[in-house]
Amino acid sequence: MVLKLYNTLSRKKEIFKPIKAGEVGIYSCGPTVYWKQHIGNLKAYLFSDLLRRTLEFNGYKTKQVINITDVGHLTSDADEGEDKMEKAAAKEGKTAKEVADFYLKLFLEDLEKLNISEPDIWCRATEHIKEQIALIKKLEEKGFTYKTSDGIYFDTSKFKNYSKLAKLNIEGLEAGKRIDLKEKKNKTDFALWKFSDKPGVRQQEWNSPWGLGFPGWHLECSAMSMKYLGETIDIHTGGIDHIPIHHTNEIAQSECATGKKFVNYWLHENFLTFKGEKVSKSKGGLFTLKELEEQGFDPLIYRYFILTGSYRKALDFSLDILKTAQISYQRLKNIVSDIEDDKTINKKYLEEFRKEINDDLNTPNALQVLWGLVRDTKAKGKYQTIKEMDRVLGLKLLEKEKLDIPKEIKGLLKKRDEARKNKDWASSDKIRDEIRRLGFEILDSAEGSKLKKLN
Ligand code: AMP
Ligand code: ZN
């Protein structure tokens, strides 16, 4: 069955075809590790995880690379302002590396809690300075760069396809220019290398053929994706905010350096919003995953919530909406926990599910198919089919939760076992009622009695 993906380049759903049969390379723009990731950021990685799982469900072998931005991301997209890492280091009284390691660790913990598999390769910008310098050299040799007093810039007027991804109206941008270009030749030109203002003031600076400094933010993604996935890659992902600047600049510097198409399929996820506005770190970040946990939400409830929306539409968040997702997810898990494995697959439901997920990752419809199967009292093969569907959804539907059983209940359970041994059914029933009152149900089976938490 064909897999269709919406390609931002063509603004159309296209049939996916990898460069090499059976294999897919995916590059996903990763976090800037200067602060905690908020749940909006995490949506981006839930999306790249869903994409990778879908490709694997379709039989592809995947190689996924995610970068870690630990230098060069400035507070302003106009190549000005402070370096976010340096600013955080100064504020926290730590080294930039300590800041990066600390927030990276928190991020990795969040990914694990959300059942997001780690990519094949994590790559840090600061560990690929050599590759970034080599890329600038290549661009310099081909005449795409110029020098100003604060750095080496890419001349976007020399790349005629500059606006192909964002469909930018460059003339409109130029006409409206009130912004001081300073020494930039064009408004859209961007820094490849920034000079250190004063040597020794920045924590992170390197020698280069152009002087002491640090790489521009966009450069790392081109240099590292080429290193690990080749000059043309199958799929590149990120949030929609990256389309007009970051990804547009990645294309410019990569295609001018290699003369080849950089990415075949550009996939962008839309924002998590709050009251219709983008959730963003600069506006206070709303919630972290840990804060949701403190409010009693299992991280997988957040995963379920994200799957109820299409990745291409903005998804509005509130604790009330999350509560609705919590009820659905717990109900689903509860029903699934009673399903016996008859070792068969229900082909009809699985194909319906595949049709939806292969239609540009239509998770709201795919969840409907899952619910249809779960509710269908006559359907066979439920267990194995849910297992297959969960390879894509990653909701741990068949995983039995380890129940935290209060001591009091354990004691009652022991007493009940004794009563049953003595064939004292009246006491046994009384204890069952008592346990039920405390929120647990006893399920007796040939293998012994089990406890299930009541909602
Ligand atoms: P950053 O660490 O700021 O570079 O962002 C990491 C990723 O999160 C990027 O791919 C962003 O596009 C994405 N992102 C940031 N805010 C949101 C949001 N509110 N909803 C969805 N994705 C977001
Ligand atoms: Zn990137």
Side-chain angles (χ1 to χ4, degrees), residues 6 8 11 28-51 69 73-78 80-82 84 87-88 91 103 106-107 110-111 113-114 116 165-169 172-173 176 178-179 217-218 237-249 266-297 299 301-326 328-329 360-364:
Y6 182 88
T8 309
R11 304 288 196 271
S28 305
C29 283
T32 309
V33 282
Y34 69 103
W35 185 238
K36 296 170 202 170
Q37 300 295 307
H38 58 67
I39 53 174
N41 297 131
L42 293 173
K43 181 175 178 289
Y45 310 105
L46 282 167
F47 164 65
S48 55
D49 187 57
L50 170 72
L51 172 69
T69 300
H73 197 169
L74 304 188
T75 47
S76 149
D77 273 339
E80 284 166 15
E82 288 175 87
K84 294 183 182 187
K87 192 175 162 190
K91 194 170 142 222
Y103 291 111
L106 290 187
F107 173 62
D110 283 353
L111 295 194
K113 286 179 190 165
L114 287 167
I116 295 174
L165 180 71
K167 322 260 182 251
L168 298 172
N169 176 359
L173 283 178
R178 285 274 146 73
I179 293 176
W217 170 45
H218 315 297
T237 76
I240 53 166
D241 50 340
H242 286 341
I243 298 171
I245 298 176
H246 183 52
H247 289 167
T248 288
N249 292 346
W266 281 96
L267 267 60
H268 291 99
E269 57 93 32
N270 207 322
F271 293 140
L272 184 75
T273 56
F274 183 68
K275 295 183 179 159
E277 266 202 55
K278 179 193 172 198
V279 167
S280 70
K281 268 181 261 195
S282 53
K283 286 188 187 138
L286 199 63
F287 284 103
T288 60
L289 194 65
K290 189 149 176 274
E291 283 162 351
L292 290 188
E293 285 182 279
E294 284 160 8
Q295 302 259 351
F297 295 104
I301 293 163
Y302 183 64
R303 185 173 181 117
Y304 182 91
F305 162 69
I306 292 296
L307 294 176
T308 62
S310 152
Y311 80 88
R312 271 171 50 212
K313 291 199 185 121
L315 188 62
D316 209 45
F317 174 83
S318 71
L319 285 179
D320 281 342
I321 300 173
L322 197 62
K323 267 182 205 138
T324 313
Q326 180 175 36
S328 302
Y329 178 66
D360 195 30
L361 318 179
N362 191 334
T363 51

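A quick note: this is a predicted structure, and the numbers were derived from the prediction, not measured. Heavy atoms only: backbone and side chains are in, while hydrogens, waters and symmetry mates are out.
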Donor-acceptor under 3.5 Å (Ser310 side chain, Asn362 main chain): no

Main-chain N/O of Thr288 paired with Glu291 side-chain donor or acceptor, under 3.5 Å: yes

Ring geometry between Phe317 and Phe305 (parallel below 30°, tilted from 30 to 60°, perpendicular above 60°): perpendicular

Spacing of Asp49 atom CG and Thr237 atom OG1 [to the nearest 0.5 Å]: 11.0 Å

Shortest non-hydrogen contact from Asp360 toward Arg312: OD2-NH1, 2.7 Å

Check: Pro364 main-chain N/O paired with Thr308 side-chain donor or acceptor under 3.5 Å: no

Nearest-0.5 Å distance that lies between atom CD in Gln37 and atom OH in Tyr103: 10.5 Å

Stepwise side-chain contact (heavy atoms from CB on, under 4.5 Å) test for Gln326 and Tyr304: CA-CA 8 Å; Gln326 180 175 36; Tyr304 182 91; over 6 Å; no

All side chain to side chain contact (heavy atoms under 4.5 Å, CB included) counterparts of Pro244, not counting sequence neighbours: Ala166, Leu168

Side chain proximity check, Arg303 to Ile116, heavy atoms < 4.5 angstrom: yes

Leu322 and Tyr302, any side-chain heavy atoms less than 4.5 Å apart: yes

Shortest non-hydrogen contact between Gly238 and His247, atoms and distance: CA-CE1, 4.0 Å

Least distance between heavy atoms, Ala325 atom then Ile301 atom: C-CG2, 4.1 Å

NZ (Lys113) with more than 12 external heavy atoms under 6.0 Å: yes

Identified side chain to side chain contact (heavy atoms under 4.5 Å, CB included) partner of Leu46 from the options Ile39, Leu111, Leu272, Leu114: Leu114

Inter-residue atom distance Tyr311.OH - Tyr6.OH, 0.5 Å rounding: 8.5 Å

Point-to-point distance, once rounded to the nearest 0.5 Å, from OG1 of Thr248 to NE2 of His218: 9.5 Å

Minimal non-hydrogen separation, Leu289 against Pro299, with atom names: CD2-CB, 3.9 Å

His246/Trp266 aromatic ring centres below 6.0 Å: no

Side-chain heavy atoms of Tyr34 within contact of His73, under 4.5 Å: no

Tyr45 and Pro31, any side-chain heavy atoms less than 4.5 Å apart: yes

Side-chain touch Lys43/Val279, heavy atoms, less than 4.5 angstrom: no

4.5 Å side-chain heavy-atom contact, Asn249 and Trp217: no

Contacts of type side chain to side chain contact (heavy atoms under 4.5 Å, CB included), residue Asn270, not counting sequence neighbours: Ile240, Ala314

His268 side, atom NE2; Leu165 side, atom CG - distance, nearest 0.5 Å: 5.5 Å

Lys290: partners by salt bridge (charged side-chain N to carboxylate O under 4.0 Å, His left out), with sequence neighbours left out: Glu294

Cation-aromatic face contact Lys91/Trp35, 6.0 Å, 45 degrees: yes

Spatial distance of atom CG (Leu319) from atom CG (Leu286) [nearest 0.5 Å]: 8.0 Å

